[in-house]
Structures are given as C-alpha cells and as structure tokens.
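Notes follow the structure.
In listed order, ligands and their atoms are each counted from 1. For the single chain, residues carry numbers from 1 onward in sequence order.
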Amino acid sequence: MNGSAGGAQAPQSAPRSAADAAQPQTPPKLIVVISVDQFSANLFAEYRPYFSSGFARLMQGAVFPSGYQSHAATETCPGHSTILTGDHPSRTGIIANTWYDLNAKRADKRIYCAEDESVSGSNSDHYTVSDRHLLVPTLGERMKDADPRTRVVSVAGKDRAAVMMGGHKVDQLWWWDGRKFTSYAGREVPPAVVRANKAVAAQIAHSEPPLALPPVCQARDRAVPVGSDGFTVGTGRFARKAGDYDAFRRSPEADASVLALAAALVQDMKLGQGPVTDILSVGASATDYVGHAYGTQGSEMCLQLLSLDRDLGQFFRVLDATGVDYVVALTADHGGNDLPERERMHAIPDAARSDPALAAKAMGARIAADLGLSGQPIYGGAPGDFWIDPTLSKKQHDAVLAEAVKLYSAHPQVAAVFTRAQIEATPAPKGPPESWSLIERAKDSFYAPRSGDFVVALKEWVTAISDPGPGKVATHGSFWNYDRRVPILFWRKGMNGFEQPLAVETVDIAPTLAALIHFPLTPGAVDGRCLDLDASAASSCPD
Ligand SMILES: [Zn+2]
C-alpha cells in the first residue's frame, strides 16, 4: 500500500466505516474558544433539538454535555479564568468576581477581579481594567512564549471575560464597556474596532421592534409576576427604544456585535494565515444578562439562544470563507438557574429567595450586638466568602468567627458553613467533579491570600437575590450543579464526532487544545487533563 488515504485503491483489510476515517493530523492554524456566559448544561439539553445553525455544527463534533466548572464560586470571573489556563480558581487566584482586601490602602476594600487597584482614585466600580490578578498563564500566552509569531486575540461583552481568557500577552483585547468596544489605555484602535463601534452606535441610535416568536418560544411565552411591584418576566421579545444601551446589552444584538467584531479581526489580521497557530477567544455575554433579567425559562432566553445559534452560524461561515483550518471549543463560565417564582409554578414548590437576614450587614449587626462590638465585624456575602474585620483582637476575631458559624449554620436556608481552617485542612479534590463534597468545591475556589475567613453555602434552590427588580430576578454563583455544569463542545472540519456523557472539566479544555497543536503541556503543569478528541482507537493526546 502506498498509504494514499481516500484513494481509489481497494483496501486490503476490512473496509473502514466513515466513522473510522482518519482524523486530521496536522495542527489547526487557528484556535477559536467561545464562552457563552451562563450557558448551563440544562439550557443546552433543553435547546439541543431546536438548534439548526452554529450550535448544530458544534454538535457534530466531540460533545461533552457534562462539563464542570468544578469550584464553588460559580461566577463569571473564576469561570473564565479556568477555560484557557487549564487551572482551577485555587491556582488562577480568581476566587470570585469581587473579594475583600480589608488591609487595602484605599477606602473601598472591595477588589474587582479584573482591576488594578493600585491606580490612584480607582475603586471596584470605577476601575482600571487589568490582568494582574490572574496568577497563571493562558494557553495563548504559553503559545506566544514558545513562538512570538503566535497572535493572541480576545473579544468579549465583558472586560473580565476578555481579560481572563486572553491573559497577559495579547495582541488585541477588546470588551464592550457599556457604550463601545474598548481596550487598555494607550492601545492603538485597529480599523475593525473603529468600524464595529461605528456600526453599533448607528444600530443603537435606532429602535428595534419586538422579535417574532417562533413556535418553540411561543410555548414558553407566559407572564410570571415577580416581587411586589407588579412587574412580570417571561413574555419579553427584545423591543428596544432608540439609544437604550442597557437594553442592547441584555439582548441578542449584543452577542451579534461581539461575534461581528471577532470575525472582522480574523479577516483584517488574517488570523490562522501566519506561520504558526493563532488563538482567538470570544466572550458572548448576553445570555448572562438575559438570564439575570428574565430567568431561563421564558420567551426571552428562548429568543436569545436561537438568535445566538444563528449568529454563531454566521460567524463560522466567515471563518470558513478564509479557508483556514480552525478548531472551535465552546463552553460556559458557569451555569444558571431560573427565578424561584417560575420554579414554584413549574413543580419546584420549595424554590425560594434568600432571607435578607443572611446579608453580611444584617448578620454582622447581630453578631456585633451579641458580642458587644462596635462597627461592622464581617464583610462578604452568601453564597461565598466572608472576611472578618482585621482590626479586631485575636480573641474578638475568634469570637466573631464562632458566632458567625453558629448563626449561619442555624439558618434554615444554609447548607453548610466552612471555616478557613477547615478548608485549608481539606485535600485538593480528585475524581469526578459531580461527586465532590461541598467543602471540596469550596477548596477548589480557595486561594489563601485572597479567600475569606469563612464560606457559607446556601441550600439548593435558594436564589441569592432577596429583593428582585428589573434586570435582576435570577442568578448563579451557588455550590450546586445547576450552576457548575456546562456543555463543552469541540468541532473541527473533518473531525469524527462522538458524545461522552460522563463528567469532564473546563480545565481540560486548554490541555486538550494544546495537544491538538502538538504543544503538549508538561504533566502536572496545569490542573486539567487532555481529552482525547479522536473517536477511534487513536488518540489526540500525548502518550
Ligand atoms: Zn458569567
């Protein structure tokens, strides 16, 4: 045999089925990693039958419906920090979207995950975007270190998504700041961004009529009253007034603009057409804003996901037209959960909103009164980390900790309270992430220099929004699998697809992609492992 695969020569051995055909062996020239913010495994399962474009293409590849953001703090910044580093938040250092540094020199002790708090005059709301809190390199950064000709490009609807997936050595990094696509100070604005900002500004200047409801969304079109103000969710169709930037951001229009910018950068920079493999990360953030504003089970999420499916399809067609051999990995930074008002209508009678008495301020006042202290003794929020006032004496600190553990543990909405000492004494979790205990999930989010003095896990089905309002009715961030479990999809032209329903992790994405470009990471260099994307007995991973 001369080995010419696919030739007219009759095979000598048993004929191979199409599914056994050789997989692509050469490294892809462009890696495209897409994070769909708040795209839970539950949403993927619900909408799989209705996808016909971009998602449908990815479903022909390697499908891992049970990917895990394995940690406890299932928020945007930690989640994005795992995807391209291959590391859990315990190693990336991104323990939450915001944490407290009570010894910080500035008045605002809250630290935003993607800020540089050393910039004078900044605070956690008005910050300078920075990569300094991310403690480990991304795949793009490693590729660039190995060969500086690699281009690293990151585009997202949120700054923290762009920064945590791009890393510290980016050629282009752009995020939507609420008004326009922007980057670090002093960066030259390339023509693709100038064009994108002009196009989006023109688009927002005009109003948008409500989207038409396809039959699958009509079935979900039911008003759900929320709170006492008489407002409802569940029947929205993304009608938008001219100039309404907030409505733009929480609509399918936002993801379309991010994908259009990413496509324009691919074209202008000729990504994938250089001497070495390039990498592009895309943060599609609108699904998260839609989830927070309207929950996951109404007409709004239905329209959002079907629109995103179409926009992804269009994005892939632009990539196809370049002729570049590219590989796509799509996942999410965390899952999500519907609003309790609708969950109660849909057979989960125990779904509830968190008791305002669980807030740090309310509980802190009680602890201070019990112990005869003045001032606020604890900072933070449930679910998640709490920090104890560092100006207290050791004796007072221990008394506050004991009282906080007692009061939180006794609350009927609390599943568990773990002290820093308990988490530190817990070994790093191993094995399938769905079987990890709650303290193991907390351990995976724990980074000693930033983590709190204790952590509170709320019970399943408790939504950590006590007082819902427009834009804020549902959330994620819990220890539970509806917030941890996300799809992981890999696709490349010519690849033979398969589905693996068992659990894998988002930290596996970076080593998997690294192996495809013959750039294996040293064993133990990252927390994740290489997933074999070759459907046959051969493997895409190193031996
Ligand atoms: Zn998110």
Side-chain angles (χ1 to χ4, degrees), residues 33-44 67-85 88-89 92 94-99 112-115 124 127 129 133-134 138 154-166 175-178 246 249-252 254-255 258-259 281-296 300-301 304-305 308 329-339 381 383-384 441 444-445 463-465 471-489 505-507 509:
V33 177
I34 302 168
S35 164
V36 177
D37 203 310
Q38 204 189 125
F39 187 40
S40 65
N42 288 339
L43 276 178
F44 177 60
Y68 275 80
Q69 291 279 5
S70 305
H71 48 272
T74 48
E75 297 183 335
T76 297
C77 217
H80 279 103
S81 83
T82 69
I83 295 170
L84 275 168
T85 63
H88 294 295
T92 69
I94 306 299
I95 61 159
N97 281 350
T98 57
W99 57 84
Y112 176 59
C113 62
E115 74 158 314
S124 57
Y127 50 82
V129 175
H133 293 305
L134 178 64
T138 58
S154 190
V155 181
K158 295 181 181 177
D159 54 28
R160 55 189 178 275
V163 169
M164 295 302 149
M165 291 201 290
W175 66 87
W176 180 254
D177 72 358
D246 289 342
R249 183 174 232 179
R250 55 169 186 271
S251 80
D255 283 347
V258 167
L259 287 164
S281 53
V282 181
S285 309
T287 302
D288 184 64
Y289 291 118
V290 169
H292 285 303
Y294 309 109
T296 63
E300 302 93 344
M301 186 59 84
Q304 161 61 17
L305 291 178
L308 179 58
L330 182 143
T331 189
D333 56 339
H334 51 75
N337 193 30
D338 201 19
L339 57 151
R441 299 173 194 192
D444 207 49
S445 277
T463 290
I465 298 173
K472 206 179 84 174
V473 302
T475 196
H476 50 86
S478 82
F479 282 56
W480 302 101
N481 285 347
Y482 46 73
D483 286 341
R484 296 170 77 221
R485 202 164 70 93
V486 296
I488 301 178
L489 314 173
E505 298 183 90
T506 55
V507 292
I509 294 171

message: Given the Zn ion (ligand 1) as the apex, I'd like the angle to NE2 of His334 and OG1 of Thr76, rounded to 10 degrees.
response: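 His334 NE2 and Thr76 OG1 form an angle of 110° at the Zn ion (ligand 1).
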For the Zn ion (ligand 1), the nearest N/O/S atom on Asp37 is atom OD1
The Zn ion (ligand 1) -> Asp333, closest N, O or S atom is OD2
Review point. Rounded to the nearest 0.5 Å, what separation is found between the NE2 atom of His292 and the NE2 atom of His476?
Key: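 Reported to 0.5 Å precision, the distance equals 3.0 Å.
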Within residues 67-80 or reaching into it, pairs that qualify as salt bridge (charged side-chain N to carboxylate O under 4.0 Å, His left out) - sequence neighbours excluded |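 Every pair satisfying salt bridge (charged side-chain N to carboxylate O under 4.0 Å, His left out) with a residue in residues 67-80: there are none.
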Side-chain donor/acceptor of Arg249 to backbone N/O of Trp176, under 3.5 Å: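 Judged by distance alone, yes, a pair lies under 3.5 Å.
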_Donor + acceptor pair across side chains of Ser478, Asp483 (<3.5 Å)_ =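 Yes, a side-chain donor-acceptor pair sits under 3.5 Å.
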